Amino acid sequence: MPSAATDPREGDADVTMADALPGEPPATEMDEEEEEAAPMRLRVLPGSTETAASFEFAKEDHTLGNALRWIIMKNPVVEFCGYTIPHPSEARMNLRIQTYDNASVYDVLDKGLVDLMDLCDVVQEKFEIVRDDFKKK
Amino acid sequence: MSPAVVPSEEAIQKRRIIGIGTETVSNITSTDFPGHWPGEDNSWDVDKFRDKFRVQFHMNEPHNAQFSLIGLDAAVANAFRRILIAEIPVLAIESVFFNNNTSIIQDEVLAHRLGLVPLTGGKEGLNWLRWRKRDENNIPEEPNDFNTIVLVLEAECKWSKDGPALSAQGETDPDKLYVGHNVLANQIVFHPMGQHNRWFGTPETTIRPVNPDILIAKLRPGQKIVLSMHAEKGIGADHAKYSPVCPASYRLLPHIDIQRPIIGKDHAKKFARCFPKGVIGFEAVTHEEASMPDAVWRRTVRDVEPDEKNPYAGHEGEPKAVVVNAMKDTVSRECLRHEEFKDKVKLGRVRDHFIFQVESTGQWDSDELFLESVKLLKAKCLRVKRDLDLLTQS
């Protein structure tokens with residue numbers, strides 16, 4: 001398979017359209033097994049400290065990279081955040097975070113992910129309301 | 001710490017507009033980050049976002065939805081667009097098994113054409129379908145009812161009843177000479193396997209091409225196509241046939257700021273002609289405007305010259321150009337080419353107003369697809385967060 005930047009076919013990203021419908025297709029045991037074995041996609045690059053670190057995301061691209069960069073830059077303890085795709089034919093995305101005041105980069109990344117998930121919830125919620133109103137008209 | 005500085009409404013509006021000049025753009029990058037504007041609090045806040053974020057629907061048809069997302073950053077809007085194109089799973093034909101093909105279109109070309117035919121079927125069943133997993137050598141797992149859909153295409157071309165006679169008379173219209181010479185998408189037949197009848201058993205839920213009239217091949221008498229196909233789920237990043245949209249795009253809302261009035265029938269009409277139909281309308285200059293003292297006028301406009309006169313004076317009742325619907329504009333910048341308009345109007349785009357257009361290929365409804373992209377972005381975050389938790393625990 002050509003290196004799809006993000007491959008939702010791996011592990012638990014399969015939650016999308018196929019989540020929990022009756023019909024018990026493949027053995028769920030197998031799924032769980034695979035979920036556990038889902039490969040680690042995150043790595044801290046050498047030379048990192050608690051307040052300045054580069055993370056390597058396997059199989060991610062501009063989709064998550066830029067969105068995550070934006071939301072992390074919204075955090076006031078962040079001195080710098082940027083992302084790069086070191087080579088276009090390698091499905092890797094590097095994210096650099098530097099913080100002020102001894103704030104932990106791990107906490108900052110965690111907060112960024114949580115904030116982005118909150119954003120998705122708000123977008124979904126509001127989109128559904130407006131769409132349903134529009135359908136009624 | 002000093003109390004947070006709150007920018008004025010005017011400043012906020014000014015920051016929202018990306019300037020568009022004849023040959024240049026200005027005020028391009030987002031500046032809503034902590035530390036950019038001294039003293040301002042631009043940190044992330046869900047509640048603030050919830051207050052500010054708005055959605056407007058312009059059109060919602062299964063194959064075409066248009067809506068605006070207002071209050072987002074381009075980074076996030078672009079993430080949704082990219083997911084729509086490349087990461088939502090879709091069913092398409094992956095393998096074609098030829099039993100016979102005597103048409104002039106080669107096997108591999110025909111297989112490629114078949115792959116690109118958009119399919120649809122019962123949505124619950126499509127949700128129930130799983131990936132056909134591949135091992136590290138890219139060998140797919142055994143085909144099974146939960147990961148593979150079997151389709152069959154059989155077509156044969158024959159002479160029509162009096163085709164040979166007509167042909168001898170010099171008739172060349174294939175519709176009169178032959179039967180079955182056009183192989184169309186609706187000749188693709190679904191062959192249910194295992195549990196398929198439960199999900200795709202009715203005429204509404206059966207797996208079928210979205211558009212029945214797609215021409216797949218042309219045949220001549222004696223030529224035959226007999227093949228079976230395996231359709232499976234995939235994502236647009238692997239192949240365009242797995243992309244659920246064609247296309248999904250956004251543009252920023254155009255902004256037209258008429259800073260000095262454009263008055264007079266000919267003048268205003270010429271201005272309106274610089275834009276697509278429906279962007280510019282006309283209003284009569286009111287008595288209040290015409291009788292406004294120059295000093296009052298100067299207070300209402302920006303970048304004013306010290307001795308500027310009220311341009312409405314003496315034009316009461318004449319038409320002036322007004323912006324009716326900026327959304328229809330294409331931002332051609334035509335008006336900036338005319339000397340008489342170029343200092344009176346400022347063009348731009350609204351930074352955080354994204355007009356999305358999502359055209360589904362038909363497997364899913366367009367609005368469902370957008371919601372799916374939002375869910376997928378969240379799933380991506382969740383997946384990374386899980387890895388991050390593992391990383392910090394160890």
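Lettering of chains follows the sequences in order, A, B, ..., and the numbering in each one begins at 1. Computed from a prediction, not measured in an experiment: that's the story for all the values here.
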Whatever's closer than 4.5 Å to a heavy atom in chain A on B/Thr392 counts as side chain
Counting only heavy atoms from other residues, nucleotides and ligands, does the tally under 6.0 Å from CG of B/Asp135 exceed 12?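 Yes, because the 6.0 Å sphere around CG of B/Asp135 holds more than 12 heavy atoms from other groups.
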- Is B/Asp32 salt-bridged to A/Lys74, cutoff N-O under 4.0 Å?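 So B/Asp32 pairs with A/Lys74 through a salt bridge.
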B/Arg82/A/Asp61 salt bridge by N-O under 4.0 Å criterion: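 Counted as a salt bridge, because a side-chain N and a carboxylate O are separated by less than 4.0 Å.
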Checklist entry - Can you name the closest pair of heavy atoms from A/Asn66 and B/Ala75 and give their distance? => result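 Smallest interatomic distance, heavy atoms only, reads O-CB, 3.6 Å.
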Take B/Lys378 and A/Gln124 through the side-chain contact (heavy atoms from CB on, under 4.5 Å) test and state the conclusion after the steps.
CA-CA 10 Å; B/Lys378 195 180 170 191; A/Gln124 185 182 343; 5.8 Å; no
The side-chain contact (heavy atoms from CB on, under 4.5 Å) partners of A/Val108 (sequence neighbours excluded) come to A/Ile72, A/Asn75, A/Val77, A/Val78, A/Ile97, A/Thr99
Max heavy-atom pair count under 4.5 Å with chain B, selected residue of [options]:
| options | value |
| --- | --- |
| A/Phe57, A/Trp70, A/Tyr106 | A/Trp70 |
| A/Val114, A/Leu68, A/Val123 | A/Val123 |
| A/Val44, A/Asp115, A/Leu109 | A/Asp115 |

Please tell me if the side chains of [X] and [Y] come closer than 4.5 Å, counting only heavy atoms from C-beta onward.
| X | Y | value |
| --- | --- | --- |
| B/Arg50 | A/Lys126 | yes |
| B/Val46 | A/Leu119 | no |
| B/Asn42 | A/Pro76 | no |

As an exercise: rank [options] by heavy-atom pairs under 4.5 Å with chain A and give me the winner.
| options | result |
| --- | --- |
| B/Leu391, B/Val374, B/Asn147, B/Asp73 | B/Asp73 |
| B/Asp389, B/Leu377, B/Val384, B/Asn78 | B/Val384 |
| B/Cys381, B/Ala79, B/Ala65 | B/Cys381 |
| B/Val76, B/Asp367, B/Asn144 | B/Asp367 |

To the nearest 0.5 angstrom, please state how far the [atom1] atom of [X] sits from the [atom2] atom of [Y].
| X | Y | atom1 | atom2 | result |
| --- | --- | --- | --- | --- |
| B/Asp387 | A/Arg41 | CG | CZ | 7.5 Å |
| A/Asp110 | B/Leu388 | CG | CG | 5.5 Å |
| A/Met73 | B/Trp44 | CE | CH2 | 15.0 Å |
| B/Arg383 | A/Glu60 | CZ | CD | 8.5 Å |
| B/Phe80 | A/Cys120 | CZ | SG | 4.5 Å |
| B/Lys380 | A/Thr63 | NZ | OG1 | 5.5 Å |

Discussion item. Using only non-hydrogen atoms and a strict under-4.5 angstrom cutoff, which residues of residues 127-137 of chain A touch chain B?
Written reply: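 Expected list: A/Phe127, A/Glu128, A/Val130, A/Arg131, A/Phe134, A/Lys135.
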